[in-house]
Amino acid sequence: MLRRSIRRKLPVLIVTFFFILYVDFQLSTSSHPKLSVAPRRSAQHGPAEGPPRDPVPGRGTGGPQPSEDAPRVPELKLEDIYVAVKTTGRFHRTRLALLTATWISRIKAHTFIFTDVEDEELQSDGYNMVVTGCQSDHSQPALSCKMSAEYDGFMASDQRWFCHVDDDNYVNPEALLALLSTFPQDADIYVGKPSLDKPITAHELLEGNATREVRFWFATGGAGFCLSRRLAEKMAPWASGPRFERTSATIRLPDDCTVGFIVEKKLGISMVHCPLFHSHLENLLLLSRRSILHQVTLSYGMFDNKMNSIEVKGSFSKADDPSRFKTVHCFLYPFTSWCP
């Protein structure tokens with residue numbers, strides 16, 4: 001009886017077994033949605049290598065992601081960049097005149113010249129002159145006084161980026177725009193080039209005449225640097241109004257060092273190191289003509305009693321154009337009226 005019962009049930013068991021296998025196969029090969037893990041974004045922003053950066057909140061860090069309905073940040077334009085030029089009265093007819101004839105003429109409306117004396121001629125020509133009332137020397141208080149005015153000027157504007165340069169810098173507007181466009185526009189960005197090969201060491205003055213050693217990177221003002229508005233707003237407790245000069249006094253270092261101190265030590269945000277900024281403190285002969293299109297700033301100056309400037313050939317002789325700024329400008333903008 002048992003054997004007969006097993007024989008009757010065996011076909012049913014076999015059919016059931018194969019039916020289960022068929023259903024399982026169909027489920028495993030069907031096109032149901034699958035979970036995927038998005039690749040993690042790099043914490044380092046920008047085209048240049050540098051110290052590790054803190055990730056931008058909500059970008060590849062497991063934080064909330066913007067929805068598809070969230071408003072998009074408008075594309076960055078040149079007029080969104082506030083360019084501050086630091087100069088002094090004795091250079092108005094030399095260094096500054098060279099800049100107004102070249103790159104400032106391209107972005108005149110949103111370039112602001114911070115100086116220490118009135119200049120009716122420049123003002124009558126429509127340049128944005130800001131007379132700071134700061135001392136005209138190159139001391140730490142005088143430099144910090146002008147940087148304070150630059151910062152406050154930017155904060156009173158509606159521009160999205162603040163960029164500082166000196167009166168011996170050539171700014172390539174298109175390269176500047178290209179660089180800043182690579183960054184998230186709603187991020188904390190401090191980008192420039194250090195003049196040192198390691199963080200600077202300072203001694204911060206504390207209450208009761210105590211001090212503490214601090215180390216941080218800073219972008220040299222002689223090459224230029226830029227700050228995003230979001231970061232500039234966070235700097236306000238140490239930079240707005242008279243606070244910038246007070247902060248500078250606590251570390252007894254100049255303006256560009258003070259910016260680095262605020263960003264890296266007070267806010268804990270790392271500087272982005274970028275090789276596209278250049279000062280007279282480096283060997284400018286190493287820059288090639290073909291790379292000029294991509295450089296954000298250039299410079300010139302005397303080193304060992306020799307002119308330190310880029311080596312670029314053109315219609316202007318070195319006697320007529322020792323800085324090579326006119327030559328560079330005509331290379332970038334050959335249809336300028338005074339270009340040969």
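Along the sequence shown, residues carry numbers from 1. These numbers come from a predicted model, not from an experiment.
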Using modelled atom types only, decide if a donor and an acceptor are shared between the side chain of Gln185 and the backbone of Phe183 within a distance under 3.5 Å.
yes
Of all heavy-atom pairs linking Asn308 and Leu284, the shortest is OD1-N, 3.1 Å
Answer whether the closest heavy-atom distance between the side chains of Tyr300 and Asp168 falls below 4.5 Å.
yes
| said: Is there a side-chain contact between Leu227 and Ile189 in this structure, where contact means two heavy atoms from C-beta onward sitting under 4.5 Å apart? | reply: no
Smallest heavy-atom separation, Pro237 atom then Arg243 atom, equals O-CD, 3.0 Å
- Query: Does a side-chain heavy-atom distance below 4.5 Å link Cys257 with Ile200?
  - Reply: yes
Table please: side-chain donor-acceptor pairs of residues 331-340 below 3.5 Å, with sequence neighbours left out.
{"unit_1": "Thr336", "atom_1": "OG1", "unit_2": "Tyr333", "atom_2": "O", "d": "2.8"}
{"unit_1": "Trp338", "atom_1": "NE1", "unit_2": "Ala101", "atom_2": "O", "d": "3.4"}

Query raised in the report: Would a 4.5 Å heavy-atom cut-off, applied to side chains only, mark Val214 and Thr201 as touching?
Result: no
- Is the closest side-chain heavy-atom distance between Ile251 and Leu205 below 4.5 Å? no
Here the salt bridge (charged side-chain N to carboxylate O under 4.0 Å, His left out) pairs for residues 282-308, sequence neighbours left out, are Lys193-Glu282
Is Gln135 atom CD crowded by more than 12 heavy atoms from other residues, nucleotides or ligands, each under 6.0 Å away?
no
- Message: Closer than 4.0 angstrom, basic N to acidic O: yes or no for Glu204 and Lys266?
- Response: yes
Residue set satisfying ring-ring contact (aromatic ring centres under 6.0 Å, His included) with Tyr151, at least two apart, ordered chain then number -> none
Taken in chain and number order and not counting sequence neighbours, the residues that satisfy side chain to side chain contact (heavy atoms under 4.5 Å, CB included) with His203 are Thr211, Glu213, Arg252
Q: Compare all side-chain heavy atoms of Leu179 with those of Cys274 and state whether any distance is below 4.5 angstrom.
A: yes
Nearest heavy-atom approach of Phe218 to Leu196 is CE2-CD1, 4.0 Å
| said: Determine whether Asp188 and Lys234 satisfy the following criterion, salt bridge (charged side-chain N to carboxylate O under 4.0 Å, His left out), listing intermediate values before the conclusion. | reply: CA-CA 9 Å; Asp188 299 322; Lys234 292 181 178 180; 2.7 Å; yes
Quiz item: Tell me, do Tyr127 and Ile104 make a side-chain contact under 4.5 Å, heavy atoms counted?
Solution: yes
By ring-ring contact (aromatic ring centres under 6.0 Å, His included), Phe154 pairs with (sequence neighbours left out) Tyr82, Phe162
Residues passing the side chain to side chain contact (heavy atoms under 4.5 Å, CB included) test with Ser148, sequence neighbours excluded, are Asp152, Phe244, Glu245
- Query: Salt bridge between Arg95 and Asp166, side-chain N to carboxylate O under 4.0 Å?
  - Reply: no
So disulfide (SG to SG under 2.5 Å) across residues 145-182, not counting sequence neighbours, yields Cys134-Cys145, Cys163-Cys226
Contacts satisfying side-chain hydrogen bond (donor to acceptor under 3.5 Å, both in side chains) that involve residues 137-146 (not counting sequence neighbours) are Asp116-Lys146, Asp137-Ser139, Gln140-Ser248, Ser144-Ser248
Donor-acceptor contacts, no H, no angles, side chain residues 105-114, under 3.5 Å, sequence neighbours left out:
{"unit_1": "Ser105", "atom_1": "OG", "unit_2": "Thr102", "atom_2": "O", "d": "2.5"}
{"unit_1": "Lys108", "atom_1": "NZ", "unit_2": "Asp125", "atom_2": "O", "d": "2.5"}
{"unit_1": "His110", "atom_1": "ND1", "unit_2": "Leu78", "atom_2": "O", "d": "3.3"}
{"unit_1": "His110", "atom_1": "ND1", "unit_2": "Ile81", "atom_2": "O", "d": "2.9"}
{"unit_1": "His110", "atom_1": "NE2", "unit_2": "Leu78", "atom_2": "O", "d": "3.4"}
{"unit_1": "Thr111", "atom_1": "OG1", "unit_2": "Ile107", "atom_2": "O", "d": "2.7"}

Of all heavy-atom pairs linking Ser195 and Leu281, the shortest is CB-CD1, 4.0 Å
Residues at least two apart in sequence or cross-chain that pass side chain to side chain contact (heavy atoms under 4.5 Å, CB included) with Pro199, listed by chain then number, are Arg215, Trp217
Margin query: Between the side chains of Asp119 and Arg93, is the shortest nitrogen-to-carboxylate-oxygen separation below 4.0 Å, so that they form an ion pair?
Written below: yes
For His164, the ring-ring contact (aromatic ring centres under 6.0 Å, His included) test, sequence neighbours excluded, returns Phe225
Side-chain H-bond candidate by donor/acceptor type, Asp255 with Thr258, under 3.5 Å: no
Thr115 meets the side chain to side chain donor-acceptor pair (under 3.5 Å) criterion, sequence neighbours left out, with His92
- Query: Does a donor on one side chain sit under 3.5 Å from an acceptor on the other, for His278 and Tyr170?
  - Reply: no
**Prompt:** So, do Trp103 and Val328 sit near enough that their side-chain heavy atoms are less than 4.5 Å apart?
**Reply:** no
